[in-house]
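Structure record follows, encoded as structure tokens.
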Amino acid sequence: MAIVVLLGTLDTKGLEYAWLRARLLRHGVEVVVVDAGIVGEPRLRADVPRSEVARSAGADLHRLRAEGDRGGAVTTMARGAAAALLRLYEAGRLHGVLALGGSGGTSIATRAMRGLPLGVPKLMVSSMASGDVAAYVGSADITMMHSVVDIAGVNSVSAPVLANAVAVAGMAKGFEAGPGRCGGTCCGRAAGRWWRRAWPASPRRGSTRHASG
């Protein structure tokens, strides 16, 4: 069964993640919840708690709280979340990742997503997505979805956006199923020679058609 990882700050976005989790389960995927929150009490039980995420970055959660440095804490939890997600992927426990957030949550989640291999579905629902997202995406294949409103509850505006984000279930199923089929077309002898060289290197099954008869 395909597994979707929900990564986020469960002290501020726990209710929204619970809403997403319920809908993902209805779409036939397993869900693993990773908590990257720091201060408040989580509003949803995590499969990977925040203390474990902090330890993955070589830090102590209680010390992070006591220091009161939000920027430093966000950087540390982002590093820990990246390590946690990579472990899940390497263990075959991640076929797609979905996150919600404002500026802080987006920084944490996209830093973690950038550590995953190309092709792993990565969907970030963010209030920051209407601006320049280069700092979040970098050179990774992260899909940014604008939340339209601040993510502060499930309401008549946010619900349709979050419901569309459940599409990550289909992405994860496709990734878990492995390479599919592909086709190619070429015109002329030169293109044909190129295709014969490229085809053996392709990991996908498929067929070719010549466009010039």
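Since the model is a prediction, treat every value here as computed from it, not as a measurement.
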Going by heavy atoms in the side chains, are [X] and [Y] under 4.5 Å from each other?
| X | Y | value |
| --- | --- | --- |
| Arg114 | Ile142 | yes |
| Met171 | Thr143 | no |
| Ser158 | Asn155 | yes |
| Met1 | His95 | no |
| Val53 | Val48 | yes |
| Val34 | Leu88 | yes |

Could you report the tightest heavy-atom contact between [X] and [Y], atom names first, then the distance?
| X | Y | answer |
| --- | --- | --- |
| Ala81 | Ile108 | CB-CG2, 4.3 Å |
| Ala73 | Leu64 | CA-CD2, 4.2 Å |
| Ala78 | Arg111 | CB-CG, 3.6 Å |
| Leu44 | Gly14 | CB-O, 3.9 Å |
| Met77 | Asp35 | CE-O, 4.4 Å |
| Ala99 | Met113 | CB-CE, 3.8 Å |

Working for side-chain contact (heavy atoms from CB on, under 4.5 Å), residues Val125 and Leu98: CA-CA 8 Å; Val125 181; Leu98 169 62; 4.0 Å; yes
More than 12 heavy atoms of other groups within 6.0 Å of Arg65 CZ: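 Enclosed.
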Arg70 atom CZ: more than 12 heavy-atom contacts under 6.0 Å: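 No, the 6.0 Å shell around CZ holds no more than 12 heavy atoms from other groups.
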Is the backbone N or O of [Y] less than 3.5 Å from a side-chain atom of [X], with the two atoms forming a donor-acceptor pair by type?
| X | Y | value |
| --- | --- | --- |
| Tyr17 | Leu100 | yes |
| Arg43 | Lys13 | no |
| Asp141 | Leu118 | no |

Which residues share a side chain to side chain contact (heavy atoms under 4.5 Å, CB included) with Asp47, sequence neighbours left out: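 So Asp47 forms a side chain to side chain contact (heavy atoms under 4.5 Å, CB included) with Val32, Val33, Arg45.
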Contacts of type side chain to side chain contact (heavy atoms under 4.5 Å, CB included), residue Ser127, not counting sequence neighbours: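 Counting only residues at least two positions away or on another chain, Ser127 forms a side chain to side chain contact (heavy atoms under 4.5 Å, CB included) with Ser147, Asp150.
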OG1-CD1 distance between Thr9 and Ile38, expressed to the nearest 0.5 angstrom: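 Rounded to the nearest 0.5 Å, the OG1-CD1 separation comes out at 8.5 Å.
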Gap between atom CG of Leu10 and atom CD of Glu16 - 0.5 Å precision: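 Between atom CD of Glu16 and atom CG of Leu10 there are 10.0 Å.
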Check against side-chain contact (heavy atoms from CB on, under 4.5 Å), Tyr136 and Met124: CA-CA 10 Å; Tyr136 300 118; Met124 180 75 231; over 6 Å; no
Stepwise side-chain contact (heavy atoms from CB on, under 4.5 Å) check, Met128 with Val133: CA-CA 7 Å; Met128 310 302 292; Val133 298; 5.6 Å; no
For residues 20-27, dump all side-chain donor-acceptor pairs below 3.5 Å to protein atoms at least two apart in sequence or in another chain.
{"residue": "Arg23", "atom": "NH1", "partner": "Trp19", "partner atom": "O", "Å": "3.2"}
{"residue": "His27", "atom": "ND1", "partner": "Arg23", "partner atom": "O", "Å": "2.9"}

Step-by-step side-chain contact (heavy atoms from CB on, under 4.5 Å) determination, Leu116 to Leu94: CA-CA 10 Å; Leu116 293 171; Leu94 186 156; 4.2 Å; yes
